[in-house]
Amino acid sequence: MSLAETIAPQLPYLRRFARALTGSQESGDAYVVAVLETLIADPQGFPESQMKRVGLYKCFLKVWNSISLNRDAVAPKTQADRSLEAITPRPRQAFLLASVEGFTTEQIAEILACSREEVGRLIEEAGEQIAEQTATDVLIIEDEPLISMDLEALVKGLGHRVSGIARTHREAIAEVKKKQPGLVLADIHLADGSSGLDAVNEILLGINLPVIFITAFPERLLTGERPEPTFLITKPFEPNTVRALVSQALFFGTTARVPDVTVAAGTPSGPRLATSSARP
């Protein structure tokens, strides 16, 4: 198997990690491209045997820590820029590797080239810094009652408030009119066949706020061929993943990027992503 064939299945998830780490699709993807260019330029320096998942993330963070890609050299500092100055990178790396990517302590220690004890300290430090964020109101757009209840409990457990729970596009817009949220958690396909993407698009016409999308098939949104969401939760999700991405979305304060997704034919709403048991 070639090096390209070895790393290709991991690229959608590496891109998910990269954009969660940097707070934007453009910046995250730029770092992934830099990693691929490094691998192409020096394939002997990265043996295929080391390019399994742990090795690929190790290579990515080696590149990420060695260069600084400038998002906008002339623009004033954004909330993301100010946030990045307020938290050291390594705790955030360890936190996301554990919470979003599901690596074990031993794997994180290998990726970050540190001890297991240091990994624990880094994750604890990240948690303390993230906990200092200001609480906000969260709108949950989700048509499955059990999932919406789980999300509500997780959001409240982080110290935030749930401004409303919507099962359809129409309900989502109505909830926003009642009370403007500071964050939206949005499923892709909703109860009446409407689209969570359309609901978010309409919401963003009136207010700017971060959005986390939820889907059982992240690879359908992480193709690199169209605008993509910065923050994405894969169903079925782990509680720590939700906690991590809620914290990251608010940490960066990034306005949502809504992907342009063509719904598959077959039913009015296409495939029911919420019912799949697919995992990364």
Side-chain angles (χ1 to χ4, degrees), residues 16 19-20 25 133-218 220-222 226-237 239 241-264 267-276:
R16 175 183 64 185
R19 65 191 54 189
Q25 176 184 344
Q133 295 175 105
T134 303
T136 191
D137 294 299
V138 180
L139 171 62
I140 298 172
I141 307 175
E142 169 60 60
D143 64 338
E144 295 192 20
L146 291 179
I147 293 179
S148 63
M149 289 172 61
D150 286 343
L151 291 173
E152 181 178 16
L154 289 169
V155 165
K156 289 182 176 179
L158 289 170
H160 304 299
R161 301 169 297 273
V162 174
S163 62
I165 297 177
R167 299 180 66 250
T168 66
H169 180 156
R170 184 187 299 274
E171 290 179 8
I173 301 305
E175 290 292 341
V176 171
K177 290 180 179 179
K178 292 179 187 176
K179 186 169 187 178
Q180 179 174 315
L183 172 71
V184 172
L185 288 172
D187 192 4
I188 302 297
H189 289 279
L190 303 178
D192 61 349
S194 60
S195 167
L197 300 174
D198 291 341
V200 168
N201 263 323
E202 187 169 342
I203 290 170
L204 293 178
L205 290 175
I207 55 176
N208 292 323
L209 78 171
V211 177
I212 300 173
F213 289 101
I214 306 171
T215 176
F217 297 97
R220 294 184 180 179
L221 300 182
L222 300 176
R226 55 175 68 91
E228 299 169 345
T230 299
F231 300 106
L232 191 65
I233 292 174
T234 302
K235 286 185 175 182
F237 52 76
T241 300
V242 178
R243 295 187 186 101
L245 289 187
V246 167
S247 297
Q248 283 295 109
L250 292 173
F251 173 83
F252 282 104
T254 307
T255 299
R257 178 185 292 276
V258 182
D260 177 18
V261 177
T262 301
V263 177
T267 67
S269 61
R272 291 284 302 168
L273 301 186
T275 61
S276 171

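Counting begins at 1 with the first residue of the sequence.
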Taking atom [atom1] of [X] and atom [atom2] of [Y], what is their separation to the nearest 0.5 Å?
X      : Y      : atom1 : atom2 : result
Ile188 : Asp143 : CD1   : CG    : 11.5 Å
Glu171 : Leu190 : CD    : CG    : 9.0 Å
Asp187 : Ile140 : CG    : CD1   : 11.5 Å
Ile203 : Asp198 : CD1   : CG    : 11.0 Å
Arg19  : Leu232 : CZ    : CG    : 8.0 Å
Lys179 : Arg161 : NZ    : CZ    : 6.0 Å

Looking only at non-hydrogen atoms, find the nearest pair between [X] and [Y] and report the distance.
X      : Y      : result
Asp137 : Ser163 : CB-CB, 3.9 Å
Ala135 : Gly159 : CB-O, 3.1 Å
Arg243 : Leu154 : NH2-CD2, 3.4 Å
Ala166 : Glu175 : CB-CG, 4.4 Å
Gly164 : Leu139 : O-CD1, 3.3 Å

Below 4.5 Å, heavy atoms only, C-beta onward: do [X] and [Y] meet side chain to side chain?
X      : Y      : result
His160 : Leu183 : no
Ile147 : Ile214 : no
Val176 : Pro181 : yes
Val246 : Leu185 : yes
Phe237 : Leu245 : no

Side-chain donor or acceptor of Glu142 paired with backbone N/O of Glu144 under 3.5 Å: yes
Partners passing side chain to side chain contact (heavy atoms under 4.5 Å, CB included) against [X] (at least two apart in sequence or in another chain):
X      : value
Arg170 : Thr168
Pro145 : none
Ala186 : Ile141, Val184, Val200, Val211, Phe213
Glu202 : His169, Ile173

Salt bridge (Lys or Arg N to Asp or Glu O under 4.0 Å) partners for Lys177, two or more places apart: none
Partner set under salt bridge (Lys or Arg N to Asp or Glu O under 4.0 Å) for Glu152, not counting sequence neighbours: Lys156
